[in-house]
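One structure is given below, encoded as structure tokens.
If you read the sequence from its start, that first residue is 1, and numbering goes on from there.
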Amino acid sequence: MAGHNDSSVSEKKSSQAVDDLPTFSVENMQNNMKVIYYSRTFLSIIGGVIAGILGFTGFSGFIFYFLIMAITSVGLMAKAKFSVHSYFDSWNRIILDGFLGGLLSFVLFWTYPSQTLSLFFNKNRNLNNCGLTQPIKLGRLPGFLMIS
């Protein structure tokens, strides 16, 4: 009889072990990862434009990017109601995935507004200093029309 009781205890332990394993839907996990990548990319673009408008240059721009990504991570955790294991298999998914993926988008949208605004609002710009040593003289082009 002692052997029979041991088998029922082992059956209970094995059934409890199966119940303790977390079960994830692959489609839901892929959808959640898409949401993370899309939100990080979108906020990278918006952060890049803001950094360009505010005139951040060099190291301060990259610090701004990492600050935006940290705020995004906290926002995604808040959206998941801080129960990350209900939606993802680990904390790394929500904190680190896509963290550096939006960096190229950030740099692109950071430099474009920054350079565009500096072109239009730079009061000390000198248009004569554009690399030309002497003015261009338009004259007769060989074999073509006369331009004056």
Side-chain angles (χ1 to χ4, degrees), residues 1-138 141 147:
M1 287 237 175
H4 181 45
N5 288 338
D6 289 337
S7 66
S8 66
V9 170
S10 67
E11 286 176 10
K12 286 182 184 178
K13 285 184 182 179
S14 66
S15 68
Q16 287 176 352
V18 170
D19 292 337
D20 290 340
L21 291 175
T23 307
F24 292 105
S25 169
V26 175
E27 293 86 18
N28 291 343
M29 277 287 261
Q30 288 176 346
N31 187 34
N32 293 343
M33 293 307 297
K34 281 183 191 177
V35 168
I36 285 179
Y37 286 125
Y38 290 154
S39 63
R40 286 196 188 276
T41 302
F42 177 73
L43 287 173
S44 294
I45 291 170
I46 297 300
V49 170
I50 291 171
I53 290 172
L54 294 177
F56 292 142
T57 57
F59 194 61
S60 63
F62 288 107
I63 289 175
F64 185 74
Y65 171 73
F66 289 119
L67 180 69
I68 292 289
M69 288 299 107
I71 291 170
T72 303
S73 295
V74 171
L76 289 170
M77 285 189 289
K79 180 72 175 169
K81 299 177 183 165
F82 296 100
S83 61
V84 175
H85 294 291
S86 300
Y87 300 97
F88 303 100
D89 57 349
S90 69
W91 282 90
N92 291 339
R93 295 279 187 192
I94 201 165
I95 294 174
L96 297 176
D97 276 3
F99 198 81
L100 294 175
L103 187 60
L104 292 176
S105 298
F106 175 81
V107 170
L108 175 69
F109 284 92
W110 170 30
T111 55
Y112 181 72
S114 175
Q115 293 303 313
T116 304
L117 290 176
S118 70
L119 179 69
F120 287 112
F121 295 114
N122 189 359
K123 294 177 183 175
N124 297 325
R125 67 181 174 174
N126 186 1
L127 294 179
N128 293 330
N129 191 11
C130 60
L132 297 175
T133 57
Q134 52 185 312
I136 300 173
K137 295 181 181 177
L138 296 176
L141 296 174
I147 299 175

Identify every side-chain donor-acceptor pair in residues 35-64 under 3.5 Å, counting partners at least two apart or on other chains, and give the distances.
residue: S39; atom: OG; partner: V35; partner atom: O; Å: 2.9
residue: S39; atom: OG; partner: I36; partner atom: O; Å: 3.0
residue: R40; atom: NE; partner: D97; partner atom: O; Å: 3.0
residue: R40; atom: NH1; partner: M69; partner atom: O; Å: 3.4
residue: R40; atom: NH2; partner: S73; partner atom: OG; Å: 2.8
residue: R40; atom: NH2; partner: I94; partner atom: O; Å: 2.7
residue: R40; atom: NH2; partner: I95; partner atom: O; Å: 3.2
residue: T41; atom: OG1; partner: Y37; partner atom: O; Å: 2.8
residue: S44; atom: OG; partner: R40; partner atom: O; Å: 2.7
residue: S44; atom: OG; partner: G102; partner atom: O; Å: 3.4
residue: S60; atom: OG; partner: T57; partner atom: N; Å: 3.4
residue: S60; atom: OG; partner: T57; partner atom: O; Å: 2.8

side-chain contact (heavy atoms from CB on, under 4.5 Å) assessment of F66 paired with I71: CA-CA 9 Å; F66 289 119; I71 291 170; over 6 Å; no

Partner residues of F109 under the ring-ring contact (aromatic ring centres under 6.0 Å, His included) criterion, sequence neighbours left out: none

Set of ring-ring contact (aromatic ring centres under 6.0 Å, His included) partners for Y112, sequence neighbours left out: none

Contacts of F106 that satisfy ring-ring contact (aromatic ring centres under 6.0 Å, His included) - sequence neighbours left out: Y65, W110

All side-chain hydrogen bond (donor to acceptor under 3.5 Å, both in side chains) counterparts of E27, not counting sequence neighbours: S25

For T72, side-chain hydrogen bond (donor to acceptor under 3.5 Å, both in side chains) partners two or more places apart: none

Separation of M33 CE from N28 CG (nearest 0.5 Å): 13.5 Å

